[in-house]
Amino acid sequence: MSPYDPHAAQDRWLPVWESLDLYRAGRPGDGRPKRYILDMFPYPSGDLHMGHAEAFSVGDVVARYWMQHGYDVLHPIGWDSFGLPAENAAIQRGTAPADWTYTNIATQAESFRRFGISFDWSRRFNTSDPEYYRWTQWLFLRFYQRGLAYRKASPVNWCPNDQTVLANEQVIGGRCERCDALVTKKNLTQWYFRITDYADRLLADMAQLEGSWPDRVLLMQRNWIGRSTGAEVAFAIEGRDEPVTVFTTRPDTLFGATFFVVAADSALATELAAGDGHEEEFAAYLEQVKRTSDIERMASDRPKTGVFLGRYAVNPVNGELLPVYAADYVLADYGTGAIMAVPAHDQRDLDFARAFDLPVRVVVDTGEPDPAVTGVATVGDGVLVNSGEYDGLVKAAAIERITADLTARGGGQAAVNYRLRDWLLSRQRYWGCPIPIVHCPTCGEVPVPDDELPVRLPETGVDLTPRGVAPLETARDWVQTSCPGCGGDARRDADTMDTFVDSSWYYLRYCSPDYTDGPFDPAAVAEWMPVAQYTGGVEHAILHLLYSRFFTKVLYDMGLVGVVEPFAALLNQGFVIMNGSKMSKSKGNRVDLQAELARYGVDAIRITMLFAGPPEDDIDWADVSPAGSAKWLARVVRLTGDVGAGGGPAGAGSSGAQAGDPAVRQTTHRTIAAVTTQVEALRFNVAVARLMELTSALRRAIDASRAADASRAADPAVREGAEVLARLLSVLAPYTAEEAWARLGHDPAAGDSVHRAGWPVADPALVAVETVTCVVQVAGKVRDRLEVPVDVSADDLRVRALASAAVQRNLAGRDVRTVVVREPRLVNVVPA
RNA sequence: GCGAGAGUGGCGGAAUGGUAGACGCGUCGGACUUAGGAUCCGGUGCCUGCGGGCGUAGGGGUUCGAGUCCCCUCUCUCGCACCA
């Protein structure tokens with residue numbers, strides 16, 4: 001038999017699989033149970049890289065596993081193909097963004113094809129296809145009609161490098177998520193999705209995901225939404241008609257308020273500073289605040305700054321006059337942009353009070369030293385003091401009582417606040433989904449009628465150079481339009497949508513990619529959703545996953561989908577790194593996927609990634625051995641070649657007595673059981689280890705039988721083991737498994753592919769063991785080992801253990817206090 | 001600063017509270033070879049007087065028994081970063 005050439009196997013089997021059309025999902029009348037396995041679709045940045053290979057290998061194992069189990073598996077692929085890199089490449093090279101994008105898609109698609117992923121290619125689409133973004137626009141308009149899409153003027157995150165605004169979720173540590181440039185603020189009118197309306201549901205429905213999503217992702221989302229409960233309290237301002245409401249989580253500390261702060265960059269601050277002789281000082285301060293970068297502002301140990309506005313607020317509980325300051329440690333866009341300051345019990349307020357020499361009054365006695373002296377605010381529980389009728393209450397009771405009393409008097413009420421902000425979705429770039437709104441001087445914002453969708457991107461006449469205004473503004477013929485309402489001259493909205501809008505519903509489109517009566521066929525969505533297993537990088541822990549959850553809930557409310565959570569289970573695979581750090585051009589530590597594939601073959605690379613460790617851990621390519629993986633795969637093929645085509649199929653799990661070495665059969669069936677468990681637990685590294693053990697066991701069996709009788713045909717148990725090995729391997733290393741299958745006498749080209757062979761079933765009788773090694777301890781230390789029947793009695797085991805020479809030697813004449821017996825595996829003799 | 005998670009051989013990593021180190025890499029020895037960076041077989045946590053002793057970041061605790069559970073300390077990683 002020829003040695004194993006993985007590249008020849010790839011060339012041999014890929015066309016066979018394609019002609020068998022193995023991975024098509026949802027054929028009419030297919031009654032098998034359905035299962036949706038999804039990988040986060042790629043952005044077409046160039047060719048596939050090591051990270052893609054890992055992520056998609058993991059997803060492919062899961063998809064193939066359920067296919068072998070007899071499920072009708074939907075495992076689709078497409079491209080998240082709108083986005084900035086296409087535009088930047090276009091500006092640099094003078095090619096159209098579409099050309100760059102679709103060329104890269106073709107490259108990646110071909111790489112995926114050769115990588116042998118079990119995709120249903122018939123469902124492929126790209127978010128930049130007009131047939132797709134037509135429905136993105138349609139969904140935007142449904143959101144708009146429901147009041148969930150709106151425009152407002154507000155200070156927004158601005159990336160000076162990409163020349164566009166960014167959503168809060170796209171600012172990481174004060175920098176642009178995409179290009180790492182420092183983000184600044186700008187006052188602009190932009191489109192938003194009202195995701196804050198769904199904050200509570202996004203929080204509550206996480207209960208459904210508990211246990212099947214990584215804990216840390218749920219925690220990150222919880223923190224991002226940042227729900228906090230407390231009260232809104234109205235403070236009258238001297239000389240102002242309307243009171244100013246503040247939000248506080250500590251209404252119990254109301255008597256400890258000694259000053260009042262409004263966000264310097266809020267309209268309220270400007271208003272309160274007017275007149276009164278404090279105007280100039282405030283204006284100077286505001287200038288200074290505006291010049292402070294977000295990065296500087298974020299340093300929480302920065303000294304507190306602010307200016308007195310010459311005004312006073314009235315504490316509603318005791319009528320005290322509180323001086324009003326403008327400061328930048330209060331944020332304009334959280335709560336009401338104004339706070340009551342309680343320096344004794346809030347560190348930030350205390351820092352400010354010490355800087356401005358304001359009084360500090362303890363109202364909750366926590367037993368800790370005076371904050372005015374120590375400079376450390378006390379935030380724990382305690383008994384109320386200096387709080388009038390509330391003195392003596394503990395924190396929780398005081399919060400309840402004071403909130404109730406405020407509510408009764410009309411001066412406040414219980415309230416909830418969120419850290420989450422509405423999703424800023426408009427972008428001042430070209431290569432994205434146009435916003436289907438027309439601005440009419442007479443009618444205002446007018447939705448483009450459904451039957452005029454899609455609003456297509458103009459292919460010519462656009463100046464792509466980023467200048468801070470939407471490039472589409474330069475497409476004059478495109479922008480000029482007539483109002484769908486009154487027919488008069490009007491202008492198209494020239495912003496495009498955040499690409500995260502495109503990816504917030506693509507998993508629904510896969511269910512019916514060619515549907516023309518809506519974004520998706522509700523019947524198809526009902527069949528497939530939710531996604532049973534979603535795989536992708538943890539970088540989307542908040543962004544894509546939060547947005548998709550939001551979209552699903554809105555669509556649920558519209559009656560279009562029947563689930564409120566799109567992804568039942570989530571796996572965040574780790575990154576592939578090199579020599580301890582992320583691969584990058586500048587570090588010169590990039591590993592080229594195509595070069596690795598050319599050297600070791602597809603399956604060796606897949607096995608290397610799967611065997612390196614649990615899928616959520618990073619893989620340091622310097623620590624792993626593709627050569628070792630290739631060696632094992634070659635051993636598997638050699639083994640099946642040695643077993644050969646003779647003897648006819650001996651399918652595991654089929655009825656009837658099986659001949660052959662019982663020890664080999666036990667190993668085979670225990671491997672089936674172990675690999676099944678490990679694959680379902682996504683412990684592919686352990687599954688591979690078990691298959692390596694089976695390989696070695698079968699090898700030993702073959703060599704032993706040859707030594708005994710050179711002419712003897714392969715033991716049927718060895719044949720059974722080899723077939724099982726190929727079938728189990730089919731989900732991990734599809735080419736090698738097919739090659740092994742063929743060498744065992746099957747003819748994939750005639751339809752007898754290992755990928756149709758099904759998952760073997762372990763025979764419980766063979767998985768069960770009849771004898772086990774019992775560990776005998778003296779004082780908790782292992783002193784002897786006994787081979788005992790699995791059903792040995794406790795009494796019998798105790799007698800045997802005590803009779804052990806090693807036990808007696810270690811007892812050294814001491815009396816036995818107790819004997820702990822955990823039959824059949826352990827006895828612990830405890831000396832007095 | 002706050003929150004979360006993790007520390008196991010030379011390395012990647014296995015271990016329902018019950019044999020620590022499965023499997024692999026590396027390494028050492030052997031076989032086969034003109035040769036081998038191919039292939040195959042075997043050893044490989046550390047120490048040892050060969051009885052055994054010590055070992056899962058460090059220290060304490062619970063338990064007959066702890067890598068696993070609890071407390072403290074150290075280190076690393078990730079998330080948030082003035083959110084009232």
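All values below come from the heavy atoms of this structure, side chains included, with hydrogens, waters and symmetry mates left out. Every chain is numbered from 1 and lettered A, B, ... according to where its sequence line falls, protein lines coming before strand lines.
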Review point. Partners of A/Met220 by side chain to side chain contact (heavy atoms under 4.5 Å, CB included), sequence neighbours excluded?
Key: A/Ala541, A/Ile542
Check your understanding: Whole-Å distance between B/rG12 C1' and A/Glu54 CD?
Key -> 13 Å
Exercise for review: Using heavy atoms and a sub-4.0 Å distance, could you list which residues of residues 248-256 of chain A are near RNA chain B? By number, please.
Suggested key: A/Thr248, A/Thr249
Review point. If you measure from the C1' atom in B/rG53 to the same atom in B/rA57, how many Å do you get, rounded?
Key: 22 Å
Atom pairs, protein N/O to nucleotides 44-52 of chain B N/O, distance under 3.5 Å:
{"residue": "B/rG52", "atom": "OP1", "partner": "A/Arg809", "partner atom": "NH2", "Å": "3.0"}

Check your understanding: With a 4.0 Å cut-off, would you call A/Asp200 and A/Arg227 a salt bridge?
Key -> yes
Point to revise | Glycosidic conformation of B/rG51, taking syn as within 90° of 0 and anti otherwise | key: syn
Practice item. With P as the reference atom in both, quote the distance from B/rG10 to B/rU56 in angstrom, rounded to an integer. Key: 13 Å
Practice item. Please report, rounded to the nearest Å, how far the P atom of B/rA84 is from the NE2 atom of A/His345. Key: 17 Å
Exercise for review: Go through the N and O atoms of the side chain of A/Arg825 and the base of B/rG18, and report whether any donor-acceptor pair is under 3.5 Å.
Suggested key: no
Check your understanding: So, does A/Asp328 use its side chain to make a donor-acceptor pair with the main chain of A/Ala264 at under 3.5 Å?
Key -> no
Check your understanding: Can you find a side-chain donor-acceptor pair between A/Arg635 and A/Ser696 that sits under 3.5 Å?
Key -> yes
Review point. Does A/Arg216 put a side-chain nitrogen or oxygen below 4.0 Å from OP1 or OP2 of B/rU77?
Key: no
**Study point:** Gap in Å between the two C1' atoms, one belonging to B/rC64 and one to B/rG9, rounded
**Key:** 29 Å
Check your understanding: Is any side-chain heavy atom of A/Gln221 less than 4.5 Å from a side-chain heavy atom of A/Leu202?
Key -> no
Check your understanding: Rounding to the closest angstrom, what is the interatomic distance between B/rC69 and B/rU16 at atom P?
Key -> 12 Å
Check your understanding: When the distance from CZ of A/Arg683 to P of B/rA15 is rounded to whole Å, what number comes out?
Key -> 8 Å
Check your understanding: Syn or anti: how is B/rG52 classified when any glycosidic angle within 90° of 0 counts as syn?
Key -> anti
Revision key, fill the gap. Between CG of A/Leu218 and P of B/rG5 the distance, given in whole Å, is 13 Å
**Study point:** For RNA chain B, the dot-bracket pattern of Watson-Crick and G-U pairs whose distances stay under 3.5 Å, | for other-strand partners
**Key:** (((((((..(((.....[....)))((((((.......))))))(((....)))..(((((..]....))))))))))))....
Check your understanding: Is any side-chain N of the basic residue among A/Asp795 and A/Arg798 closer than 4.0 Å to the acidic one's carboxylate O?
Key -> yes
Protein and nucleotides 67-71 of chain B: nitrogen or oxygen contacts under 3.5 angstrom:
none

Point to revise | Under 3.5 Å: donor-acceptor pair, side chain of A/Arg814, backbone of A/Leu811 | key: yes
Check your understanding: Hey, are A/Ser228 and A/Asn417 close enough side-chain-wise for a donor-acceptor pair under 3.5 Å?
Key -> no
Point to revise | Salt bridge A/Glu616-A/Arg683, side-chain N to carboxylate O under 4.0 Å | key: yes
Practice item. Sticking with atom C1', work out how far B/rG21 lies from B/rU33, rounded to a whole angstrom. Key: 35 Å
Exercise for review: For nucleotides B/rG26 and B/rC11, find the distance between their P atoms and express it as a whole number of Å.
Suggested key: 15 Å
Practice item. Write down the distance between CZ (A/Arg699) and P (B/rC41), rounded to a whole number of angstrom. Key: 8 Å
Point to revise | Whole angstrom value for the distance that separates P of B/rA14 from CG of A/Leu610 | key: 13 Å
Exercise for review: Check whether any side-chain N or O of A/Arg638 sits under 4.0 Å from OP1 or OP2 of B/rC40, and answer yes or no.
Suggested key: yes
Practice item. Find which nucleotide of RNA chain B each of A/Thr773 and A/Ala612 is nearest to by heavy atoms, and output the residue with the more 5' nucleotide. Key: A/Ala612
Check your understanding: Hey, does the side chain of A/Thr258 reach the backbone of A/Pro359 with a donor-acceptor pair shorter than 3.5 angstrom?
Key -> yes
Exercise for review: Sugar-phosphate atoms are those with a prime plus P, OP1 and OP2; base atoms are the rest. Using that split, label each nucleotide of nucleotides 20-26 of chain B B, S or - for protein heavy atoms under 4.0 Å, 5' to 3'.
Suggested key: S-BBSS-
Practice item. Please name all residues satisfying side chain to side chain contact (heavy atoms under 4.5 Å, CB included) with A/Val775, sequence neighbours left out, ordered by chain then number. Key: A/Gln777, A/Val782
Exercise for review: Ignoring the backbone of A/Arg419, work out which of B/rA81, B/rC54, B/rA84 is nearest its side chain.
Suggested key: B/rA81
Review point. Ring pair (Phe, Tyr, Trp, His ring centres under 6.0 Å) with A/Phe260: which residues, sequence neighbours excluded?
Key: A/Phe235
Check your understanding: Could A/Lys185 and A/Asp333 be called an ion pair, given the rule that one side-chain N must be under 4.0 Å from one carboxylate O?
Key -> no
Point to revise | Selection from B/rA84, B/rC80, B/rG18 that lies nearest to any side-chain heavy atom of A/Asn828 | key: B/rG18
Exercise for review: Go through the structure and list residues passing ring pair (Phe, Tyr, Trp, His ring centres under 6.0 Å) with A/Tyr285, not counting sequence neighbours.
Suggested key: none
Exercise for review: Using atom CD of A/Gln170 as one end and atom P of B/rC80 as the other, report the distance to the nearest whole Å.
Suggested key: 13 Å
Point to revise | Side chains of A/Glu169 and A/Trp224, donor plus acceptor under 3.5 Å | key: yes
Practice item. Could you work out which one of B/rC54, B/rA84, B/rU19 sits closest to the side chain of A/Ser228? Key: B/rA84
**Study point:** Of the listed nucleotides B/rC64, B/rC82, B/rC80, the one nearest the side chain of A/Lys304
**Key:** B/rC82
Point to revise | Pairwise P distance, B/rU48 and B/rG1 [rounded to whole Å] | key: 45 Å
Practice item. Select one nucleotide: of B/rU39, B/rG12, B/rG3, the one nearest the side-chain heavy atoms of A/Leu219. Key: B/rG3
Review point. If we take the C1' atom in both B/rC41 and B/rG45, what is their distance in whole Å?
Key: 23 Å
Revision key, fill the gap. Between CG of A/Asn168 and C1' of B/rA81 the distance, given in whole Å, is 13 Å
Please list every donor-acceptor pair under 3.5 Å in which a side-chain atom of residues 819-832 of chain A meets a protein atom from a residue at least two apart or in another chain.
{"residue": "A/Asn828", "atom": "OD1", "partner": "A/Gly780", "partner atom": "N", "Å": "3.0"}

Check your understanding: Going by distance alone, is a donor N or O of one side chain under 3.5 Å from an acceptor N or O of the other, for A/Thr608 and A/Ser629?
Key -> yes
Study note, to complete from the structure: Taken in chain and number order and not counting sequence neighbours, the residues that satisfy side chain to side chain donor-acceptor pair (under 3.5 Å) with A/Arg599 are none
Practice item. Keeping to residues at least two apart or across chains, list the side chain to side chain donor-acceptor pair (under 3.5 Å) pairs with something in residues 778-792 of chain A. Key: A/Thr773-A/Glu787, A/Arg783-A/Asn810, A/Asp784-A/Ser804
